[in-house]
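All remarks here apply to the structure that follows.
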Amino acid sequence: MSLQIDAARLSAEIDKLATFSESPAPSVTRLVFSKEDKEARRFLAERFEAAGLSIRVDAIGNTFARWQGSDSERKPVGTGSHIDAIPNAGKYDGVVGVLGPLEAVRALQGSGFKPVASIDIILFTSEEPTRFGLGCLGSRMLAGNVTPDAADSLRTPDGYSLDDLRNAAGIPGDLGSVRMEPGAYDAFVELHIEQGPILERESIDIGVVERIAAPAAWRVRFVGEGGHAGAVLMPRRRDASLGGAEAALALEKHVLELGSPDGVATTGVFQIRPGAINSVPFEANLEVDIRDTDHRARQAVEGAFQASVAAIAQRRKLELTLTRINSDPPAICDPRLVQMAETAANESGCTVRRLVSRAYHDSLFMSLIAPVTMIFIPCHQGFSHRPDEFSSSDQIAKGVNTLARLLEKLAS
Ligand code: HGY
Ligand code: MN
Ligand code: MN
């Protein structure tokens, strides 16, 4: 089957989507339910409809663009990703997995293919944790990993609830209606940039994901005693920032000692108050991100970290509040789908290898209700979540070609 991928059209759509950003080019900042997110969603709806796809939006804003199959008895095939972008990000993370499938569908339409099973391109809401502190909120709710009550209790740093923001974005509805049953999709495949250096370093076109590392996230709050930087002598201090510093170093030590080779841990947020040079910090707030493809290794790191922060608080006479934000199992991708994706890559004339995903993705939660795999394309030096994130239109076209052939097999 010869497929015509219009790489120039796709590249122009990716560039256009990148203009819906709170920050200036070449960075992209697009927080969920922001003005920029609404503009981007409108643009995508128009592109989906131009391709003859019917659109459904659920109560949290997950958007389903369907290419209707001839047999409505058949379970649909899903593909998709996210378009929200953390502050000062790039323009490919997530976006390739939403616009790429659109180009795959248009190429299949152009080849004369008619799907028997419907194909859904899914735009998941709030994959990034930036606004609500929890990643993959839309796919978690779809898969039943987060209940409506749990979602209702989430707040943004500036105090907005999910209802506040989704209603303001014109996305009403009962959150209880978002959940889909296991088996709702016959398969789910996500196209995404690798967010790692392996494919580029080994000059390989396509990565097929076998496992997706599981994220855990914790909030740590130390409260000590503030005071004048000149007046409070060292023996009398209860400096919360030093508790935070010890906790961050302890986290690094535990992941190096207890994590698997895929184990990573990051103290991504470290705020101290009052934050004045001549004032002893009375409060430290940390948010830590711990991941591993080996669930038990990650749980060991979490356990050791909890023990360490408790010991630090006791020794430094600090008040401690430790909150678990999330702690999820890794995803094992479906071996049949992995094999089919490799074959599709070969049929596209691409070199291919299997990979682990150390970033998490909506596929991690779609794996709770359907067989999944992911198709990775190289990105420059593995850079991501930064403005110089880059994949060439040729690299993207190879990913789209592979995805199109896989969708054709799955929906035939
Ligand atoms: O953090 C992640 O792994 C994803 O990019 N949100
Ligand atoms: Mn991301
Ligand atoms: Mn992503």
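Nothing fancy with the numbering, it's 1 onward along the sequence. Numbering of ligands and ligand atoms starts at 1, following listing order.
Looking at Asp262 and Ser260, their side chains never bring a donor and an acceptor atom within 3.5 Å of each other. Inspection of the Glu36 and Ser21 side chains reveals no N or O donor paired with an N or O acceptor under 3.5 Å. No side-chain N or O of Ser34 forms a donor-acceptor pair with one of Glu22 less than 3.5 Å apart. In the model, Arg354 has no side-chain atom that pairs as donor or acceptor with a side-chain atom of Thr373 under 3.5 Å.
For the Mn ion (ligand 2), the nearby protein N/O/S atoms, meaning those under 2.8 Å, are Asp93 OD2, Glu128 OE2, His385 NE2.
Around OH of Tyr160, the count of heavy atoms belonging to other residues, nucleotides or ligands within 6.0 Å does not exceed 12. By the neighbour-count criterion of 12 heavy atoms within 6.0 Å, atom CD of Glu73 is sparsely surrounded, having that number or fewer from other residues, nucleotides or ligands.
Without hydrogens or angle criteria, Arg140 side chain to Gly135 main chain gives a donor-acceptor distance under 3.5 Å. A side-chain donor-acceptor contact under 3.5 Å links Ser118 to the backbone of Gly69.
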Tabulate distances under 3.5 Å between N/O atoms of ligand 1 and N/O atoms of the protein, writing both atom names on each line.
unit_1: ligand 1; atom_1: 1 (O); unit_2: Arg291; atom_2: NH2; d: 2.8
unit_1: ligand 1; atom_1: 3 (O); unit_2: Arg291; atom_2: NH1; d: 2.6
unit_1: ligand 1; atom_1: 3 (O); unit_2: Arg291; atom_2: NH2; d: 3.4
unit_1: ligand 1; atom_1: 3 (O); unit_2: Tyr360; atom_2: N; d: 2.9
unit_1: ligand 1; atom_1: 5 (O); unit_2: His385; atom_2: NE2; d: 3.2
unit_1: ligand 1; atom_1: 6 (N); unit_2: Glu127; atom_2: OE1; d: 3.1
unit_1: ligand 1; atom_1: 6 (N); unit_2: Glu127; atom_2: OE2; d: 3.2
unit_1: ligand 1; atom_1: 6 (N); unit_2: Glu128; atom_2: OE1; d: 2.8

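Checked against the 6.0 Å centroid criterion, the rings of Phe124 and Phe188 qualify as a close aromatic pair.
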